[in-house]
Novice: 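Take a look at this one; I'll ask things after.
This is a predicted model, so every value here is computed, not measured.
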Amino acid sequence: MREVMKKTTFSLLFALACTSGQALQRPEMNMPIIQTRFTADPAPYVHGDTVYLYTTHDEDDAEGFKMKDWLLYTSTDMVNWQDHGAVASLRDFKWYKGDNGAWAEQVIERNGKWYMYCPIHGNGIGVLVADSPFGPFKDPLGKPLVWNKEHWYDIDPTVWIDDDGQAYMYWGNPHLYYVKLNEDMISYSGEVVQLPKIKDYQEGPWFWGRKTAEGKKKYYLAFASTCCPEGIGYAMSDTPTGPWEYKGHIMNHTPQTRGNHPGIVDFKGKSYCFGLNYDIFRLETSRHAERRSVSVAEMEYNADGTIKELPYFLHCKKEQVGTFNPYRRVEAETMAWGYGLKTTRYNPSGPWNPTLFVTDIDDGEYIMLRGVDFGKGATSFTASCSTLLYGGTIEVRLDAPDGTIAGTVEVTNTQFKYKEFSCKLKGAKGVHDLYLVFKGNAWQKRNLFNFDWWQIK
């Protein structure tokens, strides 16, 4: 059954990516940006030249919400994303004894510390702190930061630090709350404030401020609008605490996705709206389960600060910012597209590997990276792989899964020890989309090998 689903991937992609009968040239470009895991509740944060995208994680067998940890992905060009795996989990909150409920978090940096605000469904909002965006994250309080035990409304925190240094945390479903955080970011002053109902507000607030083209400071609350299906609505205010004026939709309610959850950032001169949908799961089935995926689209403001409404993610613009540098060790879990593959730190058939790697590699699948700049020309390709049985090959192709072959790497039996395999490259010069296409042999078509990293020279 799994093989049948994979063989129909591209026909399904084209069906999903059609607008008025016109298919996208490369449908994976406007599909969700993560395909190797089910991700939701995007929380992007820009630091330096990198977008740090924290997400929740729906387990592969989830029917309802089955969420145990929080993941991290990074990108410097908005299309190629490196998977860093789970950077925090419910186990980091020793006071919580459950094994489910790792809901929509947000992460923000202040004074060299990284703060992760984590709702644990039914148990309030906790906070974790790290010295690095990659963790390890630790609980400084040993209890929730906020928790009203009379209800289950304390979910979906969003945090913003204003120009004067005052930090705010908003949250709530179906009601909207805020507090003023202290400079330590793990305590607050004053009372929890419940705000009047904003039209169409449901959950998942995202709070930020900016100056309009006319030079006026405005504050924004984007949110998942009334379920179901949810859209992305927004409100504006002249102050960080309201009153909030409903302005409409960033993305309207649509039957193309049951849920949504916004995350909004500016990066390298453009604005982006992240959200969620079920498009990767729908490549496998038309039935519903809570196995979601994160998408992103370029977003634009009007001169008065209002936001231009977007169509559904599949039909939005998302262009690469810059090019991808391949002249370094590249972790195999870095990709723009990799449907059918999985990433993990654990292989039950072999020794534990402390680093993340790509697994579940079958014949015909591939990793695609967009806009790879080979410069004047690459001469060799090296891949670090491990396999127990017959292995397979990696075809280094340019511009398409069946594009020009620049080189082929033979991956042979390693008894599950990682080994480097190399080949010469020909014709890999200038900027191309790079496809690492995996092929089996007469004896093995599935689970060909594990793939840790690659490098070109």
Novice: Hey, can you tell me if Tyr177 and Trp171 have their rings parallel, tilted or perpendicular (30° and 60° cut-offs)?
Specialist: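 Plane angle under 30°, so parallel.
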
Novice: Would Glu59 and Lys68 pass as an ion pair if we require N to O under 4.0 Å?
Specialist: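 Not counted as a salt bridge, because no side-chain N and carboxylate O are separated by less than 4.0 Å.
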
Novice: In terms of side-chain heavy atoms, does Thr226 have a donor or acceptor partner in Asp200 at a distance below 3.5 Å?
Specialist: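 Indeed, the side chains of Thr226 and Asp200 share at least one donor-acceptor pair under 3.5 Å.
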
Novice: Might you confirm whether atom OH of Tyr390 has over 12 heavy atoms from other residues, nucleotides or ligands at distances under 6.0 Å?
Specialist: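 Count not over threshold, so no.
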
Novice: Hydrogens and angles aside, do Ser293 and Asp279 bring a side-chain donor and acceptor to less than 3.5 Å of each other?
Specialist: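 Judged by distance alone, the side chains do not pair up.
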
Novice: Is it true that Lys318 and Glu298 make a salt bridge, defined as a side-chain N closer than 4.0 Å to a carboxylate O?
Specialist: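 Here Lys318 does not pair with Glu298 in a salt bridge, since their nearest N and O are not under 4.0 Å apart.
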
Novice: Should the pair Lys97 and Trp95 be classed as cation-pi, given the thresholds of under 6.0 Å to the six-membered ring centre and 45° from the axis?
Specialist: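 Not flagged: Lys97 not positioned over aromatic ring of Trp95.
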
Novice: Counting only heavy atoms not in Lys197 (residues, nucleotides, ligands), do more than 12 fall under 6.0 Å from its NZ?
Specialist: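 Yes, enclosed.
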
Novice: Can you list the residues that meet the side chain to side chain donor-acceptor pair (under 3.5 Å) rule with Tyr301, with sequence neighbours excluded?
Specialist: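 Tyr301: side chain to side chain donor-acceptor pair (under 3.5 Å) contacts with Trp208.
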
Novice: Distance under 6.0 Å and angle within 45° of the ring axis: does Arg328 meet both against Phe324?
Specialist: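 Output yes; distance and angle both within limits.
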
Novice: Does Lys113 make a cation-pi contact with Phe137, if we ask for NZ or CZ under 6.0 Å from the ring centre and within 45° of the axis?
Specialist: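 No, a cation-pi geometry is absent between Lys113 and Phe137.
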
Novice: Does Lys268 NZ have over 12 foreign heavy atoms under 6.0 Å away?
Specialist: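 Enclosed.
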
